[in-house]
J.: 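Would you mind keeping the following structure in view while I ask a few things?
Just so you know, residue 1 is the first one in the sequence shown, and it goes up from there.
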Amino acid sequence: MSVGAHPDTHSPSSQGKHFSCSMSAVLIARVRAYGGAAAVAELLRTADSDRSVQYLTDIANWISFDEAVALWRAGAQVTHHPEFARAVGEDAVRYLNASPVATVLRQLGTLEAVYGQVATTASKYSTAIIMEAVDCGPGFAEIHATPLPGFRRDANHCAWTWGMLTQPPILFGLPSAVVHHDHCAAYGAPRCEYRVTWPLGGERGDTESGLQIAGLNGQLDAMKVRLNSMFQTASDLISSGDVDEVLARIAERAAIEVRAPQHLLAVRMTPDGPLHCHHRGFDDAEVAGRAERLLSETVEHLPDSSLVVPVRSNRRDYGRLLATCGEGGRFFELERELLEVYARYAASALDSAAALVEAERRYDQSSALLELARALAKAGTSAEVARRLAEAVPAVVDCDRVAVYLWDDERHELVRCAHYPLQTSAGPVVSDRSSWVPEPGGTLERFLRDPNRAPQFIGPDDGAIGQMFAALGMAGTILVPLAVPGQLLGLLSVSVRERPERLCLSADLTDRLSGVAAQATSALQNGRLVDLITHQATHDQLTGLANRVRFTTEVREAVTRAHVGTESGALLYVDLDQFKPVNDEFGHETGDALLVAAAGRLQSCTRSADVVARLGGDEFAVLLVAAGPEEIEKVSERITAAFAEPFSVGDLCLRLGVSIGRSLYPVDAGDPDGLLRRADKAMFDVKRLHHAERLALRQSQAAA
């Protein structure tokens, strides 16, 4: 009998969808790395599997428990690996680092939270077991795994779970966790018990800092994968005129983003129109009946193992999108938001199709809405989203000017990030104010109080805001909020120079503007995440200064400009004197506060165009952009004078010296590493001089 043969083909473990093919995809990748395509073919023969490699590597598919066990056993036999199933679990992050589940886990923020949500996470990979976090704390988690009735606990399943449990720290750029598995259901225990531990805190060396940067880069890559998936869906809305083909693709991508064995998209384009069904995991014969029940069921009565979101737009309610997992399965709140995004895509596709059916004259405007989705699909940061939005809106709405304002939480004001057009035949476009502070009772304050209010028409007689747009020559403006529930992300202003009736808020125009806002809001939410992750990857977490990665990039760009033009400048290497004794005597908390204060003083001594960075420990660097000898000397003197003043940290009054080395570009070196080495050497020469001076002073005082 082959490894994959099972005597009871009607047992619960041989029928159904118990393991996500994300497991088999990782397993096949390991076998392929061992012996290529021939080893994969041998794997399927040994496991007695009639599945194709394409099916087993599509992470939206699922297989039965017995199929999974057969693949683990066959993989061990083919690769001669004694711990094959465990190794497959340990491979998970390497192959699925950019998966939706990995992104959700990162966003939980801490390893305690990740392991605490193990019950929800486990249902994304297997429906044959109930996982429970019985205790979690700093550096440890106690996890219990209990097989569901009808499923035997297989040692390979235990080993795979073991391997998977070692991986969450990798998502945060840390080494794998250590797992102790002292009680195993495969050997008679009532359940499997795992104790997971990972190292805590302490001083981080270069290696761990590198791991953290790798973790942030992995998070950024994962976010890009998610954005690309959403944006590719938006592109699908344009690339095909067949609404069923578009809906099928949306349903498939939703199945990848929200991991569950079964998905169903059930919609009607018109209230009395035919039912459109697209699914994964249901039998074709039962889909129609299940879809009718889905549309008629009360959502509140559905179990936690089912997630249902409406497919609706401002035009109408089309139906529902369902994801359902097995007994005990759960969903993350973020997965609901993701499913809602795909439901909105489905509603957008149906809106477009309905518009084409209603009237041919609507075709151009509907296509323009989809072109907006394509434009936003190419954007990454919030600023890029704003620019592409401003450029794309005139194709959707008949207007003469568009501006996009984004809300700045720190400044507590709206900041204009983009406007279009930039120039007309008469010359550059006159721009309105660059920022907009809320005034009591004003238009902006009303939008802040009620971010989800309807678009508002503003005429020349509508107070200060109306006068502002009138001064720009605008006869009328519509302000469209870009908001999520309870939070204003920004405002879109759409203006005309003449015939203000062009902006009459009809149902048609309101619908188009709402479509624009929905696309823009989704893109802005993702843009904010990209902004945050990018900032974390390029800035020092303690001081907020640029880190070594960003500083090196800035230096390289400055040197490049110097080579092609006449620009020159300097790099200052700044080291704090006597910092270590203070840190050792008063502790790291005081030392950290002192580093933050030192960073502030450095910034206060430089110009807005200069770049101040923390390279590590008590070492800082300053890039003086386009600075001549006189300016370089002035900045150095300001820094020396600033550090001559004592620092107040709590009740302490502390003094630090500073040693500054400098190198000039492009004279001293033509690359960042060369400039840093030159400045570093100069700094150590100064530091030795300071040390000698202090030693001489102490000897003089002792002699006296």
Side-chain angles (χ1 to χ4, degrees), residues 18-34 43 47 56-57 59 61-102 104-106 111 114-115 117-133 141-147 151-172 174-187 191-198 218 259:
H18 308 130
F19 280 87
S20 164
C21 282
S22 58
M23 183 281 291
S24 56
V26 174
L27 183 150
I28 287 175
R30 171 168 276 272
V31 173
R32 182 179 284 115
Y34 170 81
L43 169 80
L56 291 172
T57 54
I59 64 175
N61 291 328
W62 290 68
I63 58 176
S64 72
F65 180 94
D66 288 354
E67 287 179 281
V69 171
L71 286 171
W72 282 322
R73 293 176 180 175
Q77 184 172 322
V78 169
T79 63
H80 312 292
H81 194 308
E83 294 289 336
F84 179 78
R86 182 167 149 188
V88 171
E90 292 172 345
D91 283 346
V93 164
R94 183 168 43 152
Y95 287 100
L96 303 174
N97 192 38
S99 70
V101 175
V104 170
L105 294 180
R106 284 192 183 96
L111 284 171
V114 170
Y115 284 107
Q117 292 287 332
V118 69
T120 302
T121 307
S123 66
K124 311 302 171 193
Y125 296 99
S126 174
T127 62
I129 193 167
I130 295 177
M131 300 283 285
E132 180 185 12
E142 296 284 350
I143 309 294
H144 289 178
T146 306
F151 292 89
R152 67 191 186 285
R153 185 68 166 160
D154 186 274
N156 287 284
H157 190 184
C158 303
W160 175 73
T161 305
W162 183 338
M164 291 281 286
L165 288 173
T166 66
Q167 295 305 290
I170 304 295
L171 299 174
F172 294 84
L174 300 173
S176 301
V178 175
V179 177
H180 296 281
H181 183 30
D182 297 329
H183 297 84
C184 182
Y187 295 96
R191 62 177 176 264
C192 287
E193 298 181 7
Y194 303 90
R195 180 173 178 82
V196 186
T197 59
W198 59 90
R259 198 69 59 81

J.: Would you please test Asp66 and Arg152 for side-chain contact (heavy atoms from CB on, under 4.5 Å) and show each step?
T.: CA-CA 10 Å; Asp66 288 354; Arg152 67 191 186 285; 3.1 Å; yes

J.: Do NZ/NE/NH1/NH2 and the carboxylate oxygens of Arg195 and Glu193 come within less than 4.0 Å?
T.: no

J.: Classify the angle between the aromatic ring planes of His181 and Tyr194 as parallel (below 30°), tilted (30 to 60°) or perpendicular (above 60°).
T.: parallel

J.: How close do Trp160 and Met23 get, heavy atom to heavy atom, and via which atoms?
T.: NE1-CG, 3.4 Å

J.: Check whether any side-chain heavy atom of Arg153 sits under 4.5 Å from a side-chain heavy atom of Thr161, and report yes or no.
T.: yes

J.: Within this structure, what is the CG-SG distance for the pair Asp182 and Cys192, rounded to the nearest 0.5 Å?
T.: 11.0 Å

J.: Is there a side-chain contact between Phe84 and Val78 in this structure, where contact means two heavy atoms from C-beta onward sitting under 4.5 Å apart?
T.: no

J.: The test is side-chain contact (heavy atoms from CB on, under 4.5 Å); show your working for Ser176 and Ile170 and say whether it passes.
T.: CA-CA 6 Å; Ser176 301; Ile170 304 295; 3.6 Å; yes

J.: Apply side-chain contact (heavy atoms from CB on, under 4.5 Å) to the pair Trp198 and Leu174, showing each step before the final yes or no.
T.: CA-CA 9 Å; Trp198 59 90; Leu174 300 173; 5.7 Å; no

J.: How long is the straight-line distance from CZ of Arg30 back to CD1 of Ile28, given to the nearest 0.5 Å?
T.: 13.5 Å

J.: With a 4.5 Å limit on heavy-atom distance, are the side chains of Thr146 and Glu132 in contact?
T.: no

J.: For the CD atom of Glu90 and the CH2 atom of Trp162, what is their distance to the nearest 0.5 Å?
T.: 9.5 Å

J.: What closest approach, in Å, do Ile59 and Ser22 show between heavy atoms, and which atom pair accounts for it?
T.: CG2-CA, 3.7 Å

J.: Taking the side chain as everything from C-beta on, heavy atoms only, tell me whether Ser24 gets closer than 4.5 Å to Glu67.
T.: no

J.: Are the aromatic rings of Tyr34 and His81 close, with centres under 6.0 Å apart?
T.: no

J.: Can you check whether Thr121 reaches Val114 side chain to side chain, under 4.5 Å on heavy atoms?
T.: no

J.: Which atom pair, heavy atoms only, marks the closest approach of Ala186 to Cys158?
T.: CB-SG, 3.9 Å

J.: How long is the straight-line distance from CE of Met131 back to OG1 of Thr120, given to the nearest 0.5 Å?
T.: 11.5 Å

J.: Over all heavy atoms of both residues, which pair between Lys124 and Trp62 is shortest? Give the atoms and the distance, please.
T.: O-CH2, 3.6 Å

J.: Are any non-hydrogen side-chain atoms of Arg191 and Ile130 less than 4.5 angstrom apart?
T.: no

J.: Which heavy atom of Ile63 sits nearest a heavy atom of Leu56, and at what distance?
T.: CG2-CD2, 3.8 Å

J.: Quick one: CG on Leu71 to CG on Leu27, what's the gap to the nearest 0.5 Å?
T.: 6.0 Å

J.: Quick one: closest heavy-atom pair of Ala85 and Ala159, and the distance?
T.: CB-CB, 4.1 Å

J.: Roughly how far apart are His180 NE2 and Thr197 OG1, rounded to 0.5 Å?
T.: 5.0 Å

J.: Would you confirm whether the ring centroid of Phe19 sits within less than 6.0 angstrom of the ring centroid of Trp72?
T.: yes

